[in-house]
There are 2 protein chains.
Amino acid sequence: MASDIFSALADPTRRKILEMLADYDELPASEIHNQFQVSPQAISQHLKILREANLVHVEKRAQQRIYRINTEAMVQLEQWSQSMRQRWSRRLDALEAVLKAEMRKNANAQNEQEESE
Amino acid sequence: MASDIFSALADPTRRKILEMLADYDELPASEIHNQFQVSPQAISQHLKILREANLVHVEKRAQQRIYRINTEAMVQLEQWSQSMRQRWSRRLDALEAVLKAEMRKNANAQNEQEESE
DNA sequence: TGTTTTATAAAGTAAATACTTAATTAAAAA
DNA sequence: TTTTTAATTAAGTATTTACTTTATAAAACA
C-alpha cells in the first residue's frame with residue numbers, strides 16, 4: 001500500500017478532488033481550483049499530496065498540468081477493506097466450525113441418551 | 001458517512017487496532033494496549049476516536065471495556081470506494097457510447113461512399 | 001474499608017497539517 | 001522580448017494531532 005493513501009484521503013478537499021477526477025477523467029489544476037474557495041497554492045499542495053500517495057497522475061500540457069485519477073491506487077483502498085472483511089469472515093468461519101462441532105457433539109449425546117432409554 | 005471515518009483510518013495505530021479486532025472479535029483495552037509501545041492513555045485516546053467515528057463498539061465488563069469492530073461502519077468505507085468506481089465506470093460508459101456512435105457514423109459514411117462508387 | 005486493577009479524562013507539549021502571502025518557473029501570446 | 005497565463009515552491013502561521021504525565025473513576029479484592 002503506497003505509504004499514506006489513508007492520510008491523503010483523510011482530507012475532505014482531497015477526497016472531493018478525487019471525486020471530480022472520477023467524474024471528469026482529466027482536469028487541469030486551474031479547473032480543480034475553481035471548485036474550491038481556497039487559494040490555487042493550497043490546491044497545488046493538495047495535488048502534491050495526492051501525487052505522492054500515487055492517487056493521481058499528472059501530464060504537462062503547455063503551461064497546464066493535467067490531472068487524472070490513478071485507478072490502481074484506488075484499488076489498493078478496496079483491497080484493504082476487502083482484507084478486513086476476509087479477516088472478519090475467516091474468524092466467523094472458525095466460529096461456525098466450532099458451533100457445528102458443538103452441535104454434532106450434542107446430537108451424539110442425544111443419540112446415546114435415546115439408545116440407553 | 002459517519003463524518004470522519006477517513007481521519008480515523010489515517011493513523012496506522014488505529015488501523016492496526018481495527019485489524020486486531022477483525023481477527024479477534026472482542027478485545028479489552030488492556031490487550032489492545034499490549035500490542036503497542038505507547039502508553040495505555042494513548043491507546044485510550046485512539047479508541048475514543050474509533051468510537052466517535054463509529055468504527056467500534058464498547059461493552060463494559062467489570063473494570064474492563066471490551067471493544068468490537070462495527071462492521072456497518074466498515075461497509076461505509078467500501079461504499080465510498082465503490083461509489084468512486086461507479087463514477088469512473090459511468091464516465092467510461094458514456095465514452096463508450098460516444099465511440100460507438102462515432103463508429104456507426106463512420107460505417108454509414110463508408111456505406112454511402114460504396115453506394116456512390 | 002483501603003488497595004489494586006482497568007480504564008478514562010485533563011492538561012501540557014512537540015510535531016504535523018492546512019492554510020496564507022511572497023517568490024519562482026516555464027510556456028504562450030502580444 | 002516583454003507580458004501574461006498556469007502552476008509550483010518557499011516561508012510563515014494558526015490549528016490539529018499524537019503523544020506524554022498527572023489526576024480521576026469505578027469495579028474487584030484483601
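Proteins get letters first, then strands, A, B, ... in listed order; numbering begins at 1 in each.
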Engineer: Quick one: B/Phe6 CZ to C/dT17 P, roughly how many Å, whole number?
Structural biologist: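 Interatomic distance, CZ of B/Phe6 to P of C/dT17: 18 Å.
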
Engineer: Check side-chain contact (heavy atoms from CB on, under 4.5 Å) between A/Phe36 and all other residues, then give those that pass, not counting sequence neighbours.
Structural biologist: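 A/Thr13, A/Lys16, A/Ile17, A/Met20, A/Ile32, A/Val38, A/Ile43.
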
Engineer: Could you note down all residue pairs passing salt bridge (Lys or Arg N to Asp or Glu O under 4.0 Å) where residues 33-43 of chain A supplies at least one of them, sequence neighbours left out?
Structural biologist: none

Engineer: Taking side-chain hydrogen bond (donor to acceptor under 3.5 Å, both in side chains) as the test, write out the residues that go with B/Glu78, two or more places apart.
Structural biologist: A/Arg85

Engineer: To the nearest Å, how far apart are B/His46 NE2 and C/dA9 C1'?
Structural biologist: 16 Å

Engineer: With a non-hydrogen cut-off below 4.0 angstrom, is B/Arg61 in contact with a base, only sugar-phosphate, or nothing?
Structural biologist: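 No contact.
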
Engineer: So which protein N/O to nucleotides 12-16 of chain C N/O distances come out below 3.5 Å?
Structural biologist:
none

Engineer: Who passes side-chain hydrogen bond (donor to acceptor under 3.5 Å, both in side chains) against A/Arg65, sequence neighbours left out?
Structural biologist: none

Engineer: Please name all residues satisfying side-chain hydrogen bond (donor to acceptor under 3.5 Å, both in side chains) with B/His57, sequence neighbours left out, ordered by chain then number.
Structural biologist: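 For B/His57, no residue satisfies side-chain hydrogen bond (donor to acceptor under 3.5 Å, both in side chains) once neighbours in sequence are set aside.
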
Engineer: Which pairs, protein N/O on one side and nucleotides 25-30 of chain C N/O on the other, fall under 3.5 Å?
Structural biologist:
| from | atom 1 | to | atom 2 | distance (Å) |
| --- | --- | --- | --- | --- |
| C/dA28 | O4' | A/Gln63 | NE2 | 3.1 |

Engineer: Give me the residues of residues 25-43 of chain A where at least one heavy atom lies under 4.0 Å from an atom of DNA chain C, by number, or none.
Structural biologist: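 Within this stretch, A/Val38, A/Ser39, A/Gln41, A/Ala42 sit under 4.0 Å of the strand.
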
Engineer: Tell me, which pairs form a side-chain hydrogen bond (donor to acceptor under 3.5 Å, both in side chains) where one or both residues lie in residues 39-49 of chain A, sequence neighbours left out?
Structural biologist: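 Every side-chain hydrogen bond (donor to acceptor under 3.5 Å, both in side chains) pair that includes a residue of residues 39-49 of chain A, provided the two are not neighbours, is A/Arg14-A/His46.
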
Engineer: If the condition is side-chain hydrogen bond (donor to acceptor under 3.5 Å, both in side chains), which residues does B/Glu26 pass it with, not counting sequence neighbours?
Structural biologist: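 Partners of B/Glu26 under the side-chain hydrogen bond (donor to acceptor under 3.5 Å, both in side chains) test: B/Arg61, B/Arg68.
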
Engineer: For B/Ser89, which residues count as a side-chain contact (heavy atoms from CB on, under 4.5 Å) partner, sequence neighbours excluded?
Structural biologist: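 B/Ser89 satisfies side-chain contact (heavy atoms from CB on, under 4.5 Å) with no other residue.
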
Engineer: Tell me, please, the opening and closing nucleotides of DNA chain D, 5' to 3', among those with an atom under 4.0 angstrom from a non-hydrogen atom of chain B.
Structural biologist: D/dA18 to D/dA28

